[in-house]
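Step one of this worksheet: look at the structure below.
All ligand and atom numbering here is 1-based and tracks the order in the structure.
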Amino acid sequence: MCRHEGPRWGCGRCAPSSMLLLIQLLSAAPFGLLGEETRQVSLEVIPDCRDPSPNLLHIRAVGSNSTLHYVWSSMGPPAVLLVATNTPHSTLTVNWSRLLSPEPDGGLTVLPKNSIQFSSALVFTRLFEFDSANTSEASAKPPGKPYPPYSLAEFSWNNITDSLDLATLSATFRGRPIQDPAGAFANGSLAFRVQAFTRSSRPAQAPRLLHSADTCQLEVALFGAYPRGNRSLFGLEVATLGQAPDCPSVQEQRSIDDEYAPAVFKLDQLLWGSLPSGFMQWRPVAFAQRQRGRESSLPCQASPLRPTLAYLLPQSPIVRAFFGPQTDFCAFNLTFGAPTGPGYWDEYYLSWSMLLGVGTPPVDALSPLILGIMAVALGAPGLMLLAGGIFLLLWHKQCSQYQPIN
Ligand SMILES: *[C@@H]1O[C@H](CO)[C@@H](O)[C@H](O)[C@H]1NC(C)=O
Ligand SMILES: *[C@@H]1O[C@H](CO)[C@@H](O)[C@H](O)[C@H]1NC(C)=O
Ligand SMILES: *[C@@H]1O[C@H](CO)[C@@H](O)[C@H](O)[C@H]1NC(C)=O
Ligand SMILES: *[C@@H]1O[C@H](CO)[C@@H](O)[C@H](O)[C@H]1NC(C)=O
Ligand SMILES: *[C@@H]1O[C@H](CO)[C@@H](O)[C@H](O)[C@H]1NC(C)=O
Ligand SMILES: *[C@@H]1O[C@H](CO)[C@@H](O)[C@H](O)[C@H]1NC(C)=O
Ligand SMILES: *[C@@H]1O[C@H](CO)[C@@H](O)[C@H](O)[C@H]1NC(C)=O
């Protein structure tokens with residue numbers, strides 16, 4: 001369960017008053033840098049011998065004794081498989097005739113099977129739109145009255161090969177509804193930009209999530225689509241595999257350091273099991289402008305994960321192909337924005353980012369700026385205390401020297 005307040009502006013950052021906290025934070029800082037590992041990353045669009053083949057992108061990240069496989073596809077709703085193996089030699093095998101059949105079980109395999117340490121999947125099933133204009137009325141509760149959702153299984157997607165950028169290790173799935181009688185997407189699209197990394201770093205653009213070679217970033221952007229109301233909020237439904245009877249847990253971490261994502265003091269993460277397993281990590285913030293700053297940031301709310309019947313969700317062939325006929329799905333909704341403040345309506349633009357990875361989720365170390373501020377904030381009183389202490393000591397010494405005389 002996670003509830004989020006919106007980003008809070010102009011709330012003064014207080015320097016922690018306790019020295020103990022500083023010491024804890026200082027000793028915690030280097031851990032963010034440990035586990036830094038590089039990987040050899042390759043992106044490959046797996047072609048089918050037949051034409052036209054659907055989009056299937058394989059990201060293979062090889063480390064010294066492990067390989068991560070991320071398989072992204074827009075067959076059915078956009079989805080990703082995440083498979084971690086304990087050998088640098090594991091491979092992905094695709095049986096296209098099976099994958100494209102009505103029962104794609106076994107169409108995707110990672111070999112050797114016994115090297116698999118962790119596997120799961122995410123499916124982006126539906127795009128929601130809500131009319132938030134009347135949420136102040138007692139009858140309507142946030143995010144507002146839903147319009148009919150867009151099923152992402154009924155989108156057509158670009159040819160992923162054309163967007164493959166090996167320099168940045170990224171590729172973009174860009175889609176629009178196949179049926180669009182109102183022309184809402186005539187000038188717009190929904191894009192899923194996927195990026196892999198060879199080492200730990202932080203992108204220049206907000207929300208500047210710290211990534212590692214064990215992670216993959218997804219940036220979802222909706223732009224140019226005509227909203228159905230003046231105050232439309234959008235939402236995204238995300239499904240994953242559950243381990244009956246439980247759903248993966250969602251945790252909210254607090255961070256005192258907001259340098260990298262102004263005024264967002266939280267980091268949300270979905271954990272598939274006890275650590276280290278797989279995780280999805282995001283800051284509860286979205287942006288309503290390409291220029292991502294404080295002025296264009298929107299709160300992002302996540303609903304609790306709940307078990308959902310498979311037949312209620314658009315099915316992903318790649319998930320079925322790898323995991324077989326699964327019945328245990330869990331789903332949750334992300335909702336972007338609030339009825340007031342900036343919104344999609346400003347520029348018809350909305351973006352949100354997340355990381356997907358295995359192992360221990362990256363933890364923000366304190367930034368140099370914050371350490372500087374803390375050093376100054378704690379240092380000045382500290383010096384005064386020290387000076388005061390020496391003064392008192394000397395004064396006391398003098399007093400005691402003179403005391404016998406008095
Ligand atoms: C996608 O583009 C590549 C190269 O531009 C081409 O070889 C391939 O046939 C295209 N695939 C489809 C399904 O059109
Ligand atoms: C993998 O290699 C790292 C060092 O490169 C080592 O610390 C770790 O224990 C190894 N893991 C396994 C499962 O062998
Ligand atoms: C692929 O799947 C088909 C149908 O299930 C099967 O007949 C064929 O042998 C498989 N191909 C390979 C290479 O395993
Ligand atoms: C919202 O409120 C306005 C004015 O109160 C009303 O005209 C409109 O029909 C309402 N819209 C919805 C969707 O309830
Ligand atoms: C799409 O954009 C173009 C140029 O920006 C404009 O001329 C056209 O009317 C737009 N189409 C729709 C359906 O709004
Ligand atoms: C949107 O706003 C315009 C002007 O403020 C108004 O005329 C129109 O009725 C509104 N549309 C809806 C769907 O509320
Ligand atoms: C997401 O929101 C929509 C619209 O309010 C709702 O129909 C759907 O059940 C929600 N899904 C989950 C998993 O909560």
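The number of heavy-atom neighbours closer than 6.0 Å to CD of E44, taken from other residues, nucleotides and ligands shown, is above 12.
Atoms of ligand 7 found under 4.0 Å from any heavy atom of A331 (numbered from 1 in listed order, with element): 13 (C). Atoms of ligand 1 found under 4.0 Å from any heavy atom of D162 (numbered from 1 in listed order, with element): 2 (O), 5 (O).
Residue-to-ligand polar distances keep R126 apart from ligand 7: every N/O pair is separated by 3.5 Å or more. Distances between N or O atoms of E237 and those of ligand 7 include at least one value under 3.5 Å.
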Tabulate distances under 3.5 Å between N/O atoms of ligand 3 and N/O atoms of the protein, writing both atom names on each line.
{"from": "ligand 3", "atom 1": "2 (O)", "to": "N95", "atom 2": "OD1", "distance (Å)": "3.2"}
{"from": "ligand 3", "atom 1": "2 (O)", "to": "N95", "atom 2": "ND2", "distance (Å)": "2.3"}
{"from": "ligand 3", "atom 1": "2 (O)", "to": "R98", "atom 2": "NE", "distance (Å)": "3.3"}
{"from": "ligand 3", "atom 1": "5 (O)", "to": "R98", "atom 2": "NE", "distance (Å)": "2.9"}
{"from": "ligand 3", "atom 1": "5 (O)", "to": "R98", "atom 2": "NH2", "distance (Å)": "3.3"}
{"from": "ligand 3", "atom 1": "11 (N)", "to": "N95", "atom 2": "ND2", "distance (Å)": "2.9"}

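Donor-acceptor pairing under 3.5 Å is lacking for the side chains of R60 and T91. Counting only N and O atoms by type, the side chains of W272 and S120 include a donor and acceptor under 3.5 Å apart. Using modelled atom types, one finds a donor on one side chain and an acceptor on the other under 3.5 Å when comparing N55 with S74. A donor-acceptor pair shorter than 3.5 Å can be found between the side chains of S90 and T85. Defined by atom type and a distance below 3.5 Å, a donor-acceptor pair is missing between the side-chain atoms of T335 and Q301.
Proximity of the aromatic rings of F234 and F128 is defined here by a centroid distance below 6.0 angstrom, and this criterion is not met.
Within the structure, ring-ring contact (aromatic ring centres under 6.0 Å, His included) pairs that include any residue of residues 180-213 comprise F124-F192, Y150-F185, F155-F185, W157-F192, F197-H211 (at least two apart or interchain).
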